[in-house]
Amino acid sequence: MSRMLCLMVFTLAHLLPFASGQDYIISDVEDSISKWNKLQADFWSWNIKISPELATEAGVNYYNDRLNSYTKAVYEQKKADIDVFLGRLQGIDKDKLDKRASINFAILQNRLATFSEGFKWHQYGPLNPISIASGPQRNTEHLISLIPFHNRGDFENFIQRLQKLPNQFHEWTENMKKAVEMGTTFHNVSIESVPSELDEMIPSDPEQSVYYQPFKATLDGIQSISTEDKNGIRARARVAVEHVITGLATLRSYITNEYIQHTRPNIGVSTLKDGYEFYKACLKWHTSVDISPEEVHQMGLDEIAKVKKRMEKVVREVKFNGTSAEFVANIKRQPRFYLNSPDHLLEEFSDMIDKRIAPKLSTYFKDVPKRKVRVQPSSSQGPIGQYIQGSSDGTKPGTFVVNLPSYDRMPTFMMMSLTLHETLPGHHLQWMYQMNSPLPKFRIYPDTTMSDVPLTFPHYTAYVEGWGLYAEYLGEEMGVYKDEYELMGRLGGEMFRACRLVVDTGIHVFNWTKDEAKEFILTQTSTSVAMAEYEVNRYITLPGQACAYKIGELKIHELRAKAEKELGAKFDIKEFHHVVLDNGPVPLSLLETVVDNWIIETKSASNAEQTKCVSMSTGLVPGILLMLFSITLVVTLRAY
Ligand SMILES: *[C@@H]1O[C@H](CO)[C@@H](O)[C@H](O)[C@H]1NC(C)=O
Ligand SMILES: *[C@@H]1O[C@H](CO)[C@@H](O)[C@H](O)[C@H]1NC(C)=O
Ligand SMILES: *[C@@H]1O[C@H](CO)[C@@H](O)[C@H](O)[C@H]1NC(C)=O
């Protein structure tokens with residue numbers, strides 16, 4: 001038995017990426033470590049230089065006067081530089097790195113390789129930078145909110161940025177022209193609503209522009225700038241903003257008069273040249289696993305059957321005469337499941353977190369967050385509740401933003417699963433782990449451009465959102481769903497995520513029409529027609545994205561089942577959760593390796609005879625984490 005285990009560990013040590021050799025010369029180790037440290041530093045310096053907007057986001061202020069560039073030459077330069085970094089990675093003996101470094105090494109390698117391999121799709125995503133999911137109408141406010149405005153230099157930098165904006169719009173337009181020429185445009189549904197959204201950014205008075213806002217009260221409040229200088233700054237800002245507005249108007253008219261006229265006739269990417277391969281690449285980018293669209297489709301159908309069975313059981317228990325979808329639709333119409341004031345909504349969410357969930361956490365997690373999630377009311381449009389992570393230095397707390405005007409849209413029985421997903425033990429707990437782990441900058445700020453997928457650095461949605469769904473599930477184990485209705489709310493959500501696997505692949509591989517896609521969702525769930533419409537448009541625009549959630553969740557369940565089976569009585573749920581969270585956003589294949597290593601370690605550690613084995617086994621990598629989302633995700637797709 002002990003021999004067998006030793007053998008297994010030994011074999012795995014040779015297969016797994018984090019295996020450490022037994023004997024090596026110290027100088028080799030130092031050499032590898034210093035090469036790795038230098039490479040990491042060089043990569044980050046390169047990344048913020050080539051993506052000045054990323055630098056700003058990361059709080060590095062050297063490049064606040066510049067903008068990202070989207071010309072073909074820039075993509076080509078990036079690809080060439082990335083291939084050089086990949087070559088340098090190959091020159092490092094990763095077995096000589098410690099556990100933490102080896103995870104970071106694997107992540108950097110995965111990110112670089114993803115970009116390099118994704119380059120063959122540069123005539124797809126990058127040529128279509130504007131859609132319902134991305135573009136200036138989506139992310140400008142967020143981008144401006146990241147800019148520091150503390151002194152004169154900050155305002156001058158911003159004016160320079162504004163002066164360069166019309167050129168950025170021009171680069172996008174040139175790319176879109178190329179998409180028209182290549183026949184790789186979006187379908188109309190991905191962009192038809194954009195011109196009217198852009199109109200809102202084209203006010204007749206430039207001082208009403210979102211770009212001018214920092215020059216109002218914010219500038220007024222800066223004591224170190226004289227009134228005269230402030231006036232000068234404002235005058236130049238006004239001129240710059242006028243040019244930005246003109247640039248936006250030009251962009252808008254190009255979209256309306258040209259691009260939209262040449263949108264692709266079919267909703268699925270399967271009808272583009274090499275569309276099937278393109279979809280597979282998108283699917284891989286989002287899910288971080290090699291999985292065929294056909295498998296995903298089948299997986300969705302299987303999940304639907306599973307969830308339906310559970311829902312029907314509940315329906316029988318409550319003696320409802322009808323299908324499960326009818327039952328959910330029915331309870332959604334009952335006034336007793338709606339709160340009667342915005343305050344009540346806020347109070348209810350807070351109680352769920354503090355009174356119902358928090359007391360149960362310590363049974364499932366060994367490091368229960370010390371920082372409470374802040375529940376903050378909001379009166380803006382958007383999801384009913386969404387989590388906005390805090391700043392990485394902890395100065396800004398993690399926040400659950402509750403959309404108060406929506407209080408009469410949210411049935412109470414759907415609130416618990418949302419709370420579990422967004423706060424505890426979902427995204428807030430993920431963020432707490434991140435706060436406690438020293439992540440390298442390139443992992444905190446992944447530099448993802450959603451519209452470029454699969455030609456952009458991944459940020460591992462499947463891991464992040466998979467955990468969110470797993471947290472919803474965990475609520476059942478924790479016993480926090482108080483009745484059949486809350487359980488139904490949760491299962492309804494599950495059903496929806498399962499449908500996404502079927503519909504996303506249906507659209508992009510099985511040539512479903514939009515009506516078929518909507519009909520599928522409406523038949524399987526109790527979703528409103530408007531919501532089904534919104535969802536389907538989203539799948540059409542971001543091929544594969546919606547599949548990441550469920551695939552991530554299924555992987556976490558699979559790994560847990562494996563660990564329970566392998567470890568038997570030695571399985572500790574708190575340790576398992578720690579292992580999954582402690583390593584931060586990683587590709588699912590890497591998560592699997594990490595869990596496998598932990599299983600091996602746990603087995604050997606608990607067996608005194610295995611001392612030798614232990615020294616040979618590979619370690620687990622306490623790491624880090626971060627659920628940093630692209631702007632697009634923060635703004636539009638962040639929730640649920
Ligand atoms: C795009 O959609 C809009 C709004 O539904 C419609 O008016 C327009 O004719 C469509 N254009 C094309 C080219 O399909
Ligand atoms: C259930 O509903 C169907 C159709 O609405 C009706 O024919 C049937 O009598 C109902 N059964 C019970 C037990 O109420
Ligand atoms: C979907 O359409 C594409 C392009 O017309 C075609 O090549 C493919 O075979 C179709 N797939 C299915 C499953 O019908």
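Residues take their numbers from the sequence shown, with the count starting at 1. Quantities reported herein were computed from a predicted structural model and do not represent experimental measurements. Order of listing sets the numbers, starting from 1, for every ligand and every atom in it.
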Please round to the nearest 0.5 Å and tell me the distance separating atom OG of S528 and atom CD1 of I521.
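Here the rounded value is 10.5 Å.
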Atom 14 (O) of ligand 1 protein-contacted (non-hydrogen atom, under 4.0 angstrom):
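Answer yes: something from the protein, a heavy atom, is under 4.0 Å.
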Given the protein's heavy atoms, is any one of them under 4.0 Å from atom 7 (O) of ligand 1?
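Within 4.0 Å: no protein heavy atom nearby.
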Among all protein non-hydrogen atoms, which one is nearest to atom 2 (O) of ligand 3, and what is the separation to 0.1 Å?
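Closest protein heavy atom to atom 2 (O) of ligand 3: N511 ND2, 2.3 Å.
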Heavy-atom nearest neighbour in the protein, as seen from atom 5 (O) of ligand 3, with distance rounded to 0.1 Å:
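For atom 5 (O) of ligand 3, the nearest protein heavy atom comes out as T271 CG2, 4.2 Å.
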Ligand 1 to N188 polar contact by distance, N or O atoms, under 3.5 Å:
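Yes, N188 has an N/O under 3.5 Å of an N/O on ligand 1.
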Can an N or O of E192 be found at a distance shorter than 3.5 Å from an N or O of ligand 1?
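Yes, since at least one N or O of E192 sits under 3.5 Å from an N or O of ligand 1.
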Can you see whether N128 engages Y259 through a side-chain donor-acceptor pair at a distance of less than 3.5 angstrom?
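Y259 and N128 do have a side-chain donor-acceptor pair below 3.5 Å.
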Would N330 and Q334 count as a side chain to side chain donor-acceptor pair (under 3.5 Å) if you check the C-alpha gap in whole Å, the side-chain angles of each, and the deciding distance to 0.1 Å?
CA-CA 7 Å; N330 178 293; Q334 297 184 23; 2.7 Å; yes
Does only the side chain of N266 get under 4.0 Å from ligand 3, or the backbone, or both, or neither? Count heavy atoms.
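Neither part.
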Just list the side-chain donor-acceptor pairs under 3.5 Å for residues 291-298, sequence neighbours left out, or say none.
residue : atom : partner : partner atom : Å
S292    : OG   : E295    : N            : 3.1
S292    : OG   : E295    : OE1          : 3.2
E294    : OE1  : Y276    : OH           : 2.8
E294    : OE2  : Y276    : OH           : 2.9
E295    : OE1  : S292    : N            : 3.1
H297    : ND1  : V502    : O            : 3.2
H297    : ND1  : T505    : OG1          : 2.8
Q298    : NE2  : D302    : OD1          : 2.9

K514 atom NZ, neighbour heavy-atom count above 12 within 6.0 Å
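Counting other residues, nucleotides and ligands, NZ of K514 exceeds 12 neighbours.
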Salt bridge (charged side-chain N to carboxylate O under 4.0 Å, His left out) partners of K78, counting only residues at least two apart:
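So K78 forms no salt bridge (charged side-chain N to carboxylate O under 4.0 Å, His left out) with any residue.
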